[in-house]
Amino acid sequence: MKYKIGSIDFSILSPEQIKNIARVRIVTSDLYDADGYPIEGGVMDPRMGVIDPGFHCRTCGGGIGECPGHFGYLELAKPVIHVLYTKVIYYLLKYTCRECGRIMIGGKSGKKTTQPSTCPHCNAQQKKINFVKPYVFYEDKKELTPLDIRERFEKIPDSDLKAIGIKGGRPEWLILTLFPIPPVTMRPSITLESGERSEDDLTHKLVDIVRINQSLKENIDIGAPEFIINDLWELVQYHTATYFDNELTGVPLARHRSGRPLKGIIQRLKAKEGRIRGNLLGKRVNFSARTVISPDPRLSINEVGVPELIAQELTVPVHVTKLNFKEAKNLLKLGKVNYVIRPDGRRIKVTEENRKDLLEHLTTDWVIERQLQDGDITIFNRQPSLHRVSMMAHWVKVMPYKTLRMNPSVCPPYNADFDGDEMNLHALQTEEAKTEAICLMDVKHNIISPRFGGPVVGLDLDQISGLYLLTKKGTIISREEAAQLFADAGIDIKLPLKDKFTGKELFSLLLPKELDMEFKANCCRNCDECIKENCEYDAWVKIRNGELITGTIDAKAAGAFKGKIINKLEKMFDDKEIVKKFIDDAGRLGTAFIMKRGFSIALSDLDLPENIRKKIKTEIDKAQEEANSLIEKYKKQQLSILPGLTAEDSLEAQVMNALASGVSRVSDIVAENVKQTDVMVMALSGAKGSIINTTQIAAVVGQETILGKRIKRGYLYRTLPHIKPFDLSPVSRGFVARGFKDGLTPFELFWNIMNGREGLMDKSLRTRKSGYMQRRLMNALQDLKVVRDTSIRNSNDQIIQFYAGEDGMDPSKSYWGGLNWKEYVKEAE
Amino acid sequence: MPKHEILSEEEKKELLERLKIQEKQLPKILDSDPVIKKINAKAGDVIKITRNSPTAGKSIYYRLVISK
Ligand SMILES: [Mg+2]
Ligand SMILES: [Zn+2]
Ligand SMILES: [Zn+2]
Ligand SMILES: [Zn+2]
Ligand SMILES: [Zn+2]
């Protein structure tokens, strides 16, 4: 039974069609007989398809997977309204004549169209139609039964329907007289371990419909009183309605015996876990694993440590050939093959019992599904997968314990850390997939971001602090220590014949001899006049022939996002192994050195001498006085008004400015006088933290803001109840004149928390908004492509751009998004 | 505003031939657009837009004038 789909047409089924596609007429609400076999004429009638393995369909003879299932139908004793079409039914009732069935054009009151009062065709007086959700219609307070409605709709001429755009069927078909019973294949029952059968929600619902319908019919036949018939009719209507949609407003939820709401057809399709979003747009995949990640700097950036348990579960298909026959047989013998696929396509699970037998039968046209082993290629991923470097190819390294392990230098592209993050791993199954992953997705080919043209893979945190401490001025290391350092780092290198090394000399051993570059390090203090090599802070990095001559290595040199050395190497060498090796080695060297030296911080690191604290106090007081004098001027209406601002806004701007420059002066004092401890190592090297953080802890937190303005909200004319009305002074408007270390006053703490809460709200709002924006952009751009003539076209072959990005530039080949023309000039010379 | 010019019939023909495309594959601009009114272009004209770009220096774009 194979057909090719010619076209798809969405319309309403007519009663005839329902009867025609059906193979079974349902007559009983019983499902199984005493022996447990499905009853003919019941809702599980075996002519509606097979769900039990080994059985064949009574209609088409197909087995499981071959028989698509077949419909049945139920004759309703009295018609019911199709709830999903009540809107159409309402409009048709309102705008067609109750006598002749012709369309009537509505009148207008304001923006709403109103029901006409007389028919323009036959002059019949119309009555007011009312719709009460979910499925009851009234005409002048008298209920219209589905029978009445059906009768009316039959009168509407086809030509009129065409005129108002109703296609695909007659309106009377919206009132169901025959009810289609879907195939059992779309509502299979499951057999529980206890041998008990558990039916699908839809089957439960169908049983209800059939049962009530049966009882309705019997009552009509015996001529039961009208109210009983109406009650049952209403019940059939209720069950058919909740069969389609069990979330109708104003309708009690149809529930399972356990109290769980039943799933209607709409609930199957709708929302995140529904058929569309959950099964069609997003599927669960095989050959994948997920677990917690942890760091291992001994792995290369393009490796991933896979726990043995996972490696034993994930498999890779290997075609057995003459060349690998011995190997394959050996793997099978060792129990490293989970399944074998025979030439006839049968997949057999390898067990202790059948292994011997399989070993004997193994030939060169079999396929073995081998367990993951060192050197396999996999795709590693962390959600949210916002950009392409959220999924990269890593080589497998099978390891003990239970976490997936990765080099900490690939944390930045995945935005991963090790506070419990989990990541996914996919074992690739075909040669094409593997080749594509190796050539395009390997981490070493994705070091440069296609978004901004700088490295996304690079050193992070302690790796940077370590290299900074190693390469800064004054680090001297004995030969013995140096040898130990490289051994710790696992770097195989030959030390030059010297007794003592500077840190710079050791770092230089990692650099290729061809490297020549000069740039400002992260620790540069932006002196008024840069004296380059002679910088007192050793912030001018100068590399000649792969030899670090001056400068300290920090985030600007080797960090992710900023690292200039990584960027240069990536662009210098086609062999990305060199770049990979540099990142691997630099990270390990930094880690090894920081572990040898030790690294710790304490609150007392941010202590300042008494005289400096006094100086800072005067600076803060000065700034506040300045702000207060501005406020005085404002009150006397002498304040200079800034262009485009009201007097009030001018004051706010000037006050904020005065306070901010005060804080920045304090910041300078702190930077100059704070003890040179590991806190400052982190801030200067760009590993973590900044001078602003330092200032806020040690000296002054500064102005807290809401929506970028000084705090204003709260009570009438003031921010807090203890403040005088109209007080505009810094302290009453969210200025925190102390450092975190000194402790905040209760009111300052309150302002700080207001600011913090704003940040929190902002963050959650922004991520949601940007996530939606991202989705819309992806959908809009997904089929744009660069064609042979370098123009960008959509799927209709329409030109979108004549040249990619209007400049034809590949951002990943750019220098942080721009052109490094100085470099080009130098190269040309 | 970047420079907008109307292409002559020959220039238009040459452009379509060079890109091996039909007129309808070009990006569009409505004739009710202020700039189109300003340079007095008519539906069916092709407009050449010369934009300044920090990376490309000058970037050239073409749009077909259409009416609603
Ligand atoms: Mg985390
Ligand atoms: Zn069948
Ligand atoms: Zn009429
Ligand atoms: Zn400097
Ligand atoms: Zn300097």
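Order of the sequence lines sets the chain letters (A, B, ...), proteins ahead of strands, with each chain counted from 1.
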Open item on the list: Below 4.5 Å, heavy-atom pairs only: which of Lys20(B), Gln22(B), Gln25(B) has the largest tally toward chain A?
Closed with: Gln25(B)
TODO: Mind running side chain to side chain donor-acceptor pair (under 3.5 Å) on Lys28(B) and Gln798(A) for me, showing each step along the way?
DONE: CA-CA 10 Å; Lys28(B) 316 279 186 300; Gln798(A) 295 259 334; 3.2 Å; yes
With a 6.0 Å cut-off (strictly less than), is the heavy-atom count around [atom1] of [X], excluding the residue itself, greater than 12?
{"X": "Asp574(A)", "atom1": "CG", "value": "no"}
{"X": "Tyr91(A)", "atom1": "OH", "value": "no"}
{"X": "Ile692(A)", "atom1": "CD1", "value": "no"}
{"X": "Glu11(B)", "atom1": "CD", "value": "yes"}
{"X": "Arg775(A)", "atom1": "CZ", "value": "no"}
{"X": "Lys24(B)", "atom1": "NZ", "value": "no"}

TODO: State the CD1-CZ distance between Ile799(A) and Arg63(B), to the nearest 0.5 angstrom.
DONE: 13.5 Å
Task: Partner chain B: residue of Asp789(A), Asp797(A), Asn794(A) with the largest heavy-atom pair count (under 4.5 Å) - done: Asp797(A)
Open item on the list: Before you tell me yes or no, could you show the steps for Phe802(A) and Leu19(B) under side chain to side chain contact (heavy atoms under 4.5 Å, CB included), namely the whole-Å CA-CA distance, both residues' side-chain angles and the distance that decides it to 0.1 Å?
Closed with: CA-CA 9 Å; Phe802(A) 294 89; Leu19(B) 297 170; 3.6 Å; yes
- [ ] Check each atom of Ile21(B) against the heavy atoms of chain A and say whether the ones under 4.5 Å are side chain, backbone, both or neither.
- [x] side chain
Open item on the list: Any heavy-atom pair between the side chains of Ile800(A) and Pro27(B) that's under 4.5 Å?
Closed with: no
Open item on the list: With a 3.5 Å distance limit and no angle check, can you tell me whether Glu806(A) reaches the backbone of Arg51(B) through a side-chain donor-acceptor pair?
Closed with: no
